[in-house]
Every structure is written in structure tokens, then in C-alpha cells.
Amino acid sequence: MGIEIEKPCVVELSNIAVSNTHGEDSPYFAGWKAYDDNPYDELTNPSGVIQMGLAENQVSFDLLEKYLEEHSEATTWGKGVRNSSFRDNALFQDYHGLHSFRAAMASFMEQIRGERAKFEPDRLVITAGATAANELLTFILANPGDALLVPTPYYPGFDRDLRWRTGVKIVPIHCDSSNNFQITPEALEGAYKEAESMNTKVRGVLITNPSNPLGATIERSVLEQILEFVTRKNIHLVSDEIYSGSVFSPSEFVSVAEILEARNYKDAERVHIVYSLSKDLGLPGFRVGTIYSYNDKVVTTARRMSSFTLISSQTQHLLASMLSDKDFTELYIRTNRERLRKRYEMIIEGLRSNGIECLKGNGGLFCWMNMSPLLEKATKEGELKLWNAIIHQVKLNISPGSSCHCSEPGWFRVCFANMSENTLQVALERIRNFVDKIRTHTLTAGSN
Amino acid sequence: MGHQRLLSKIATNDKHGENSPYFDGWKAYDRNPFHPTKNPQGVIQMGLAENQLCFDLIEEWIRNNSKASICTPEGVHLFRDIANFQDYHGLPQFRKGVANFMSKARGGRVKYDPERILMSGGATGANELIMFCLADPADAFMVPTPYYPAFVRDLGWRTGVQLIPVHCDSSNNFKITREALEEAYREAKQNNINVKGLIITNPSNPLGTTLDKETLKSLVRFINEKNIHLVCDEIYAATAFTTPRFVSISEVMLEMECKKELIHIIYSLSKDMGLPGFRVGIVYSYNDDVVSCGRKMSSFGLVSSQTQHFLASLLSDEDFIDRYLEISKRRLAKRHSFFTKGLETVNIACLPSNSGLFCWMNLRRLLKEKTFEGEMKLWRVIINEVKLNVSPGSSFNCSEPGWFRVCFANMDDETVEVALKRIRAFVGRETNNGKRVELKRWKSINTNKLRLSFNSRRFDENVMSPHSPMPHSPLVRAT
């Protein structure tokens with residue numbers, strides 16, 4: 001097109017731009033690549049790779065579709081297209097967010113917690129997804145070079161979301177299978193000391209509850225210990241409760257919000273909750289994230305920062321309508337939980353019948369599978385070798401524990417809510433064949 | 001509990017820009033907003049660069065295209081695929097639609113590659129994103145004055161990038177000269193500041209003028225020589241309503257030697273289509289590495305797939321877009337002409353302009369003192385007595401006092417009339433009254449609101465006029 005100057009110029013981009021903290025150069029993308037190159041389809045490609053690495057919730061779309069069909073006027077601009085409601089909506093860029101939307105989100109979050117905690121709409125800050133919410137909170141709570149403590153195993157995306165543009169570090173809180181990967185006071189102290197030994201200032205603890213990738217809720221007593229720890233160290237607590245609506249049995253989820261309310265919000269100013277509709281409602285495309293903070297200054301600052309990442313007013317309008325319909329949300333929450341539980345039981349049973357155990361889970365869109373007995377060597381390399389076999393021979397894309405910074409090799413996260421039941425059966429069948437082959441091979445090898 | 005020190009430096013500094021005294025204008029509006037029937041004496045909002053002239057066209061399109069929405073019976077069959085789509089590449093049809101629209105806004109003289117289109121959270125997010133890609137903390141970008149006040153926040157708050165003003169003034173209608181560029185660059189170098197690039201807004205906010213081809217070429221030569229980046233915020237591209245026609249940097253690149261990988265465009269649908277609520281920010285880079293890195297960063301501010309889907313449909317309707325661009329241009333021209341002629345009847349001149357949603361109004365002869373303090377005083381009178389929220393030039397870091405940006409596309413014809421009436425009455429008073437009366441009026445101002453004990457230059461660093469995308473005072477609760 002243009003006439004280009006021949007000498008190549010090397011004008012540097014920023015350090016952030018050339019770093020690989022975005023995490024995408026990791027070998028784990030081999031799994032994704034295998035899927036992209038050869039995606040499973042029930043009819044057209046039944047021997048393709050089945051995607052089990054994607055924590056999406058596709059089990060309850062029909063409920064949303066039905067709602068939209070019955071409430072088309074309210075969710076679009078409806079008649080309002082004539083009466084300036086489109087105009088008002090299209091112009092609305094106030095970083096407070098639509099009040100009706102915030103009120104609906106607050107009410108939805110309360111329903112998920114069985115009304116055991118109250119959420120004030122004015123403390124809700126909107127962001128384009130939990131990805132943005134977690135980054136934004138990190139910008140507010142920590143300076144470049146500071147650290148957040150995060151229990152392992154954790155969502156791989158945190159490496160990018162918490163660290164990339166913020167310059168903040170993650171120091172792991174080591175958890176292992178000896179106690180079902182629960183966070184212990186010793187592990188918290190250990191992480192804090194590790195940061196200190198690196199001359200790094202710890203600014204907070206970030207937990208995901210229910211946990212990704214464990215698929216299990218954090219017990220009340222553990223939450224209380226964490227709260228005690230952060231209070232004693234005078235640091236923040238971020239509780240990412242993105243899977244809160246996906247706990248199979250409502251009574252088993254305790255939100256940090258409930259504990260704070262029960263103690264009259266003592267020391268609550270250090271606590272901040274992240275939520276999103278990407279998992280519970282299966283709407284990752286809509287980019288709906290929120291930050292709920294008990295700290296006025298954090299709310300004000302987060303709101304200002306949300307200018308960089310607001311939710312489309314069109315989407316706020318749709319969700320305000322949908323989520324303020326309490327009959328609908330109650331039906332949705334109940335039905336979604338039930339369907340996820342069924343899926344979970346199906347996969348657990350299917351795996352168990354092949355001698356594969358999973359961590360006892362009670363929420364989320366995945367299970368935490370223990371394949372360590374199948375490892376040739378109980379090392380990270382052994383895990384990656386097994387993983388490669390699973391991708392290329394079994395043709396399943398699942399996530400190896402090392403990608404989640406798990407300290408014990410052999411664990412894998414397997415998603416079950418992003419496919420039909422038929423596909424899940426196919427996946428289980430393939431696993432059965434694979435496990436049989438390994439066992440037979442081992443027996444044969446052993447008999448020499 | 002000492003929470004202040006528990007937050008980061010970014011969280012506790014002022015670079016969000018909201019602590020500026022200019023929010024008094026917004027407060028005055030929020031407390032007493034004009035309404036033609038319910039509150040005809042209220043403050044008219046002329047500080048908001050919104051385009052409200054063509055909603056009827058879009059509304060009609062929506063009524064005739066119910067499948068563009070995933071909430072209608074005609075469109076709901078696509079609901080689950082769209083709701084599930086979070087790929088940071090963006091919907092292909094959306095990118096294609098945006099590329100097409102950008103091309104049409106430039107008369108088809110340039111074509112844009114949909115693969116180079118990145119999304120971000122409005123132009124606010126896009127401007128921040130490109131800075132994260134191009135510059136490190138403490139690096140600097142040069143920016144011609146007067147400039148959009150929120151650049152301080154957008155370009156520098158979380159990125160740590162600093163702004164180096166390139167001074168322009170009315171002696172040549174605020175054109176950017178090579179001398180001004182060289183001087184700013186030299187001074188930065190002397191202070192050991194690492195200049196990474198130059199950012200321009202074309203058409204200009206607040207001037208409402210487009211850069212001519214010669215100036216654009218000289219900018220490209222400058223950045224080529226210095227080996228720095230050029231970011232062109234072309235957010236007002238389709239608001240160019242009269243000659244000289246808008247020339248995009250993309251056109252200039254076709255006609256001269258340049259290092260393509262240094263050039264990046266920022267775009268949005270917030271002004272040209274009047275859809276600020278939809279948060280459609282676009283980064284278009286000719287640099288492959290920036291596209292790759294920027295795309296990953298866009299995870300922090302993707303456009304809602306519901307909105308992408310709707311716009312993909314709207315923007316692919318070629319007939320509609322052609323019609324829209326033509327009618328929008330016509331209406332903006334009409335509004336601009338009506339407003340500027342109205343000002344001329346009381347000898348108020350605006351910088352001759354051909355684009356944007358505002359005029360750059362020259363009130364220098366009304367200043368009691370030709371200083372920024374004088375400008376502030378005049379401004380408070382305009383807010384409190386004339387009851388118009390306009391934006392003083394100092395909030396745009398203008399080097400000369402007495403200029404005000406006045407928005408004209410965010411109201412109906414009747415309101416424009418009311419605003420003009422008030423201005424005419426005010427100017428009449430100002431020029432006809434003797435000194436004694438002027439003193440009386442000055443005393444009647446609530447002096448608590450005047451903050452005279454400041455050095456206006458110092459304020460300019462942290463100033464931000466409540467310009468879009470912050471239409472409401474942050475101190476007011478949203479309703």
C-alpha cells in the first residue's frame with residue numbers, strides 16, 4: 001500500500017507488550033490447538049477432540065431462551081424504541097451503571113446466598129467481566145512489585161489478570177491432597193513468610209469460592225481463619241465468588257458476605273467480592289462482572305476505574321429486566337443447580353467405574369480428577385506425558401494440574417457442563433478404553 | 001483504621017482527574033437541570049459532547065430489523081451462541097462491519113482490514129490499551145494543546161505515562177507546527193524524559209477542526225525521523241460536516257514514505273453514531289506485534305457479544321449506513337450553522353470549524369483580566385448567571401485564556417434557541433453595562449465558590465473537565 005522505508009526500524013513496544021505474562025505462550029495451549037485443529041462434532045466429526053478444558057455452563061440456556069421469548073418487549077427496547085428508551089439507553093455511559101441493573105444483580109446475589117447476606121446496589125461496581133474486575137482490584141489494592149497470596153491450585157488466568165499489566169506478583173499458598181486441598185493457617189503463614197523472604201510486600205489474599213479448579217466450596221471455619229489472618233496482617237481479602245450460583249446444594253456454600261454480616265461488618269473494609277454472570281448464567285459473551293466492596297474508598301476508586309471497562313448499557317438493560325424477575329431467578333437458580341449436580345454425579349460415577357477418583361466436589365462446572373496412579377513418574381514431566389497421551393490418543397482436552405500451579409502431579413480439571421449428555425458419555429467411554437489399555441499394558445509389561 | 005495507606009499509589013493519587021474545581025459546572029447542572037417545560041430556568045448542559053441528532057434513524061432501523069436483537073422472537077434462536085461467544089478476536093461480522101463503517105466515513109478512500117480491529121471498553125479503554133502496548137511507566141507521549149481533558153486519566157492514570165504538551169495557539173488557528181513539535185521534543189529530551197510517541201485527535205476535540213494533509217504529512221515525517229509512535233484518535237471522523245473534508249492518517253499513509261508499524265488509530269461509535277452506552281472502543285494498528293499484544297489485552301474490555309451482534313447487523317446494512325452518514329452530516333452542518341450564526345449576532349466568534357459536536361468559542365474580549373483567573377471568573381458567571389454549563393479552555397490545557405468549548409449536538413432545536421437567547425442577553429449586558437454595574441454583579445456571585453488562591457498552571461496538570469465519558473458529577477449518586 002504505502003511506500004515503505006527499507007531499513008527495518010526497531011521501535012520498542014512497552015515492557016508489558018513484550019513480556020509473556022499474558023500466559024499464552026505456555027505449552028498448555030497445545031491442548032487448545034489440538035481441539036481447534038480437530039473439534040469433536042456428534043455427527044460430522046465423532047472422532048474429533050472433545051473440549052473439556054472450557055469451564056462454560058451450557059446446561060441451562062433453554063431457561064433463558066424461554067424467558068426471552070416470553071418477555072421480548074421488556075428485554076429489548078420494545079415499545080420504548082418509540083418513546084426514547086432506546087435513546088436513553090444508548091446514551092447511558094454513567095460509570096455508576098444503571099441502578100435497575102445494580103439492584104437486580106444485588107438481589108440475584110442475595111438469592112444465591114439464600115438471603116443470608118444483604119448486598120447494597122450502591123456498593124456494586126460494574127466491569128466488563130470478572131477478568132477486568134480482578135485486574136482492577138489488583139490495581140487498587142497493590143503497587144507494582146507487591147504480592148497477592150493465592151491458594152494453589154488456582155485458575156490459570158490469574159497469572160495474566162492479576163500480574164500482567166499491574167506488575168503485581170502472585171505468591172502461592174500451598175495446598176495439597178492430604179487434607180483435600182483446604183487452606184490451612186500454616187500454609188497462609190508460610191506464603192506470607194515466603195513473600196517476606198523475597199522482600200515483597202503482601203497486600204492481600206485472593207480466594208476463589210467455590211474453588212476453580214477444585215470444584216469445592218471453602219468451609220466456614222476456613223473462611224473464618226482466613227479472615228482472622230488478613231485482619232492480623234492488616235491486608236485485604238478478595239473473594240472471587242463467580243461460581244457461587246453453581247453449588248449443587250445451596251446450604252453448602254458459605255459466602256464471606258454472610259460471615260461479615262453475622263459479625264456486624266466488623267473489619268469488613270478489607271473485604272471485596274468479585275462476581276460475574278459468565279458461569280452461573282452461562283453468559284461469558286456479555287462481559288458482566290461486578291465488584292462488591294465494603295470499603296467506601298475502594299468503591300469510589302473502582303467506580304472511576306471502571307470507566308475503562310463498563311458493561312454495555314444494552315446488556316445492562318436486558319439483565320436488569322431478567323434478573324429483577326424474582327420468580328424467574330428462583331426457578332433458574334434451582335434448576336441450574338439440579339442439572340449441574342446431575343452432570344457431576346454422572347461424570348463422577350463414570351470415572352469411578354473406571355477406577356478413577358475425583359476430589360469430593362460440590363459446585364462449579366468441573367471436577368478435579370486424580371490420575372496420579374496412572375503416572376509413569378510422579379513428576380510434572382510425568383503429568384505432562386500423560387496429558388499429551390490424553391490429548392492425542394484419547395482426544396480429550398482437559399487441563400493438567402500443573403497449569404493450575406498444583407504442587408502435586410497427576411491431578412486434572414475436567415469440565416462437564418459445556419457439552420450434551422451424549423458427548424459426555426462418549427468422553428467417558430474413551431476414558432474407559434484408555435484406562436483399560438494402560439492397565440492391560442502394565443499387566444503385560446509386569447508379567448515379563 | 002488507616003485505610004489510606006492500604007490502597008495502592010494509583011488508587012490514592014489524583015490522576016483520575018475528578019478533584020478539579022471544574023466539577024462545579026456539573027454540580028450546577030445536576031442540581032438544576034434545564035427542562036423546556038418543567039424547568040425552563042435551569043442550567044443547560046453544553047459541556048457534553050454527545051451526538052443526539054440521529055437517533056430517529058437508528059430507532060426506525062431497529063423496528064424494521066427485529067432479528068438484530070437476540071431478545072426478539074426473530075432473533076432469539078441465536079441467543080445461546082452469541083451469549084457464549086467470548087473470543088477476544090470478536091465476532092467476524094462485527095469486525096467486518098466496523099471496518100466497513102470506518103471506510104465509508106472516509107468516503108471509501110481507504111480500506112480497513114477486519115483482522116487488525118481490536119475491541120476495548122470504549123475509546124477510554126482503547127486509549128489506555130494502546131499506551132500499555134507502546135509505553136512504559138514514566139515514558140511520555142506528546143499531545144497538542146488544547147486537548148481532551150480526560151487524556152490525563154485515559155493515557156496516564158494506570159499506565160504511568162506522562163503527557164508532554166505541544167503548544168498551539170490562535171495565531172494560526174491552533175495548527176500544529178513543526179516548531180512546536182521540535183520544541184516540545186527538545187525540552188523533554190533535556191529533562192531526560194523518554195518520548196515514545198505523539199497522540200493527536202483528528203478531527204480535534206475541542207477545536208472542531210480537521211488536520212489538513214500537509215500538517216498530517218509533517219507529523220508523519222516527524223515521527224519517522226524521531227522513530228516514535230503516532231496515535232491518531234479519529235473518534236469524530238464521521239462528524240465532519242463540511243469542507244475541508246476529513247483526511248484520515250490512513251489516506252496520508254498511502255501517499256508518502258512512512259514506517260507503518262509506528263501508526264495506530266483509535267476509534268469508537270460513541271460520537272459518530274451516538275452510542276456511548278454501548279462501549280464500543282476500537283484500536284486499529286498497522287503494527288502486527290501491537291495487534292497481537294493488544295488483542296490479548298482486549299480481554300480486559302471486550303464489547304458485549306450482544307452489542308457486537310446487534311452492530312454487526314446494523315453496520316452491514318450498506319444502504320442504511322450510507323443514508324445515516326449523509327443525513328447525520330447534514331443535520332450537524334445545520335445545527336453548527338444555526339448556532340454559530342446565532343453567536344455572530346452578538347459578535348461572538350468561534351474558531352472556524354468543519355467537524356465535531358461543539359464549537360470553540362472566543363470570549364476573550366469578555367475577560368476582565370486576560371488571565372486564566374479571569375477565564376475562571378467569567379466561567380463561573382456563565383454557569384451561575386447565564387446558566388449554561390460550558391467548558392473553559394484551561395480545562396483543555398489551552399495556552400491562551402478566554403476560549404470555551406460549547407457543545408451543540410446534545411439537545412433539540414428549541415433548547416439551542418434558549419441557549420442562544422441567554423448568551424445574547426448576557427453579552428448584551430456585558431458590553432453595554434458600565435463598570436459600576438459589573439462590580440455589582442460580581443459581588444452578587446456566591447464568593448464561597450470562587451477559588452482564587454491557586455496557580456492556574458498548577459491546576460492544569462490535574463485538571464479534567466467533566467467531559468464525556470463522565471457526563472455526571474461523580475459526587476452525585478446515580479439515580
Side-chain angles (χ1 to χ4, degrees), chain A residues 1-5 9 11 13-17 22 24 56 58 61 64-65 68-69 72 75-77 81 86-87 89-96 99 128-129 131-132 135 139-143 165 269 282-287 295 297-298 301 304 307-315 318, chain B residues 1 3 7-11 16 18 50 55 59 62-63 69 71-73 76 79-80 82-86 121 124-125 128 132-136 158 227 229 253-254 257-260 262 274-279 289-290 293 296 299-307 469 471-472 474 478-479:
Chain A
M1 279 277 173
I3 310 156
E4 291 190 41
I5 294 184
C9 83
V11 180
L13 302 187
S14 66
N15 291 332
I16 287 175
H22 48 72
E24 291 191 22
E56 280 176 358
Q58 298 191 21
F61 274 131
L64 300 173
E65 284 160 350
L68 292 176
E69 277 159 16
S72 173
T75 50
T76 58
W77 301 290
V81 172
F86 167 75
R87 166 193 299 245
N89 185 246
L91 284 172
F92 188 86
Q93 57 174 326
D94 183 343
Y95 62 25
H96 288 80
H99 179 83
T131 300
E135 187 198 44
F139 269 120
I140 291 177
L141 304 179
N143 292 316
R165 305 192 304 181
E269 312 86 7
L283 307 173
F286 286 3
R287 314 316 299 144
N295 182 317
K297 176 90 175 128
V298 171
T301 308
R304 287 177 180 148
S307 298
F308 298 111
T309 182
L310 296 172
I311 303 175
S312 168
S313 54
Q314 177 191 25
T315 301
L318 160 62
Chain B
M1 204 207 133
H3 288 286
L7 301 189
S8 67
K9 295 187 183 113
I10 287 176
H16 51 73
E18 291 186 22
E50 281 176 352
F55 280 126
E59 284 160 0
I62 290 172
R63 282 194 295 274
S69 163
C71 305
T72 58
V76 76
F79 175 80
R80 69 173 65 190
I82 297 295
N84 216 33
F85 186 86
Q86 59 174 326
T124 301
E128 188 194 47
F132 269 123
C133 289
L134 303 180
D136 293 319
R158 304 194 301 183
N227 238 3
H229 292 279
M253 288 168 73
L254 297 175
E257 283 188 23
C258 65
K259 300 172 189 171
K260 282 195 339 186
L262 293 180
L275 308 172
F278 290 4
R279 312 317 300 144
D289 291 333
V290 171
C293 158
K296 296 174 175 97
S299 299
F300 298 110
L302 297 173
V303 176
S304 165
S305 55
Q306 175 192 21
T307 302
H472 296 279
T479 46

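Just the heavy atoms: all of them, side chains too, but no hydrogens, waters or symmetry mates, feed the values below. This one's a predicted model, so the numbers in the text were calculated from it and none came from an experiment. In what follows, chains are A, B, ... by sequence order, proteins preceding strands, each numbered from 1.
In this structure, the portion of A:Glu56 lying under 4.5 Å from any heavy atom of chain B is its side chain and not its backbone. The parts of B:Phe132 that come within reach of chain A are both its backbone and its side chain, each placing non-hydrogen atoms under 4.5 angstrom from that chain.
Most heavy-atom pairs under 4.5 Å with chain A, from the set B:Thr307, B:Val303, B:Asn84: that is B:Asn84. With chain A as partner, the option from B:Gly121, B:Cys133, B:Ser69, B:Pro73 having the largest number of non-hydrogen pairs under 4.5 angstrom is B:Cys133. Annotation: maximal heavy-atom pairing with chain B below 4.5 Å, among A:Arg287, A:Arg165, A:Gln58, occurs at A:Arg165.
In terms of the side-chain contact (heavy atoms from CB on, under 4.5 Å) criterion, residue partners of B:Ala135 (sequence neighbours excluded) are, by chain and number, B:Asp139, B:Phe141, B:Val161, B:Lys196. Taking the side-chain contact (heavy atoms from CB on, under 4.5 Å) definition, one finds that A:Glu24 meets it with A:His22, A:Phe29, B:Tyr88, B:Lys296, sequence neighbours left out.
Separating the CG atom in A:Asn143 from the CG atom in B:Leu7 is a distance of 9.5 Å, to the nearest 0.5 Å. The distance from the NE2 atom of B:His16 to the OG1 atom of A:Thr301 is 7.0 Å, given to the nearest 0.5 Å. To the nearest 0.5 Å, atom CG of residue B:Leu302 and atom CZ of residue A:Phe286 are 13.5 Å apart. With rounding to the nearest 0.5 angstrom, the CG atom of A:Leu64 is 4.5 Å from the CZ atom of B:Phe79. Expressed to the nearest 0.5 Å, how far CZ of A:Phe92 lies from CZ of B:Arg279 amounts to 11.0 Å. With rounding to the nearest 0.5 Å, the separation of CG in A:Asn89 from CG in B:Leu275 is 10.0 Å.
Under a 3.5 Å cut-off, the side chain of B:Ser8 and the backbone N or O of A:Ile140 do form a donor-acceptor pair. For A:Ser72 (side chain) and B:Cys71 (main-chain N/O), a donor-acceptor pair under 3.5 Å exists by modelled atom type.
Heavy atoms only, all atoms of each residue included: B:Gly301 and A:Thr309 are closest at CA-OG1, 4.1 Å. The shortest non-hydrogen separation linking B:Val76 to A:Glu65 is CG2-O, 4.2 Å.
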Stepwise side chain to side chain contact (heavy atoms under 4.5 Å, CB included) check, B:Phe55 with A:Phe86
CA-CA 8 Å; B:Phe55 280 126; A:Phe86 167 75; 3.8 Å; yes
Assess the residue pair A:Thr315 and B:Ser304 against the criterion (side-chain hydrogen bond (donor to acceptor under 3.5 Å, both in side chains)); give the C-alpha distance rounded to whole Å, side-chain angles, the decisive distance to 0.1 Å, and a yes or no.
CA-CA 7 Å; A:Thr315 301; B:Ser304 165; 2.7 Å; yes
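For the pairing with A:Ser14, the side-chain contact (heavy atoms from CB on, under 4.5 Å) check across B:Leu134, B:Val290, B:Asp136 returns one residue only, B:Asp136.
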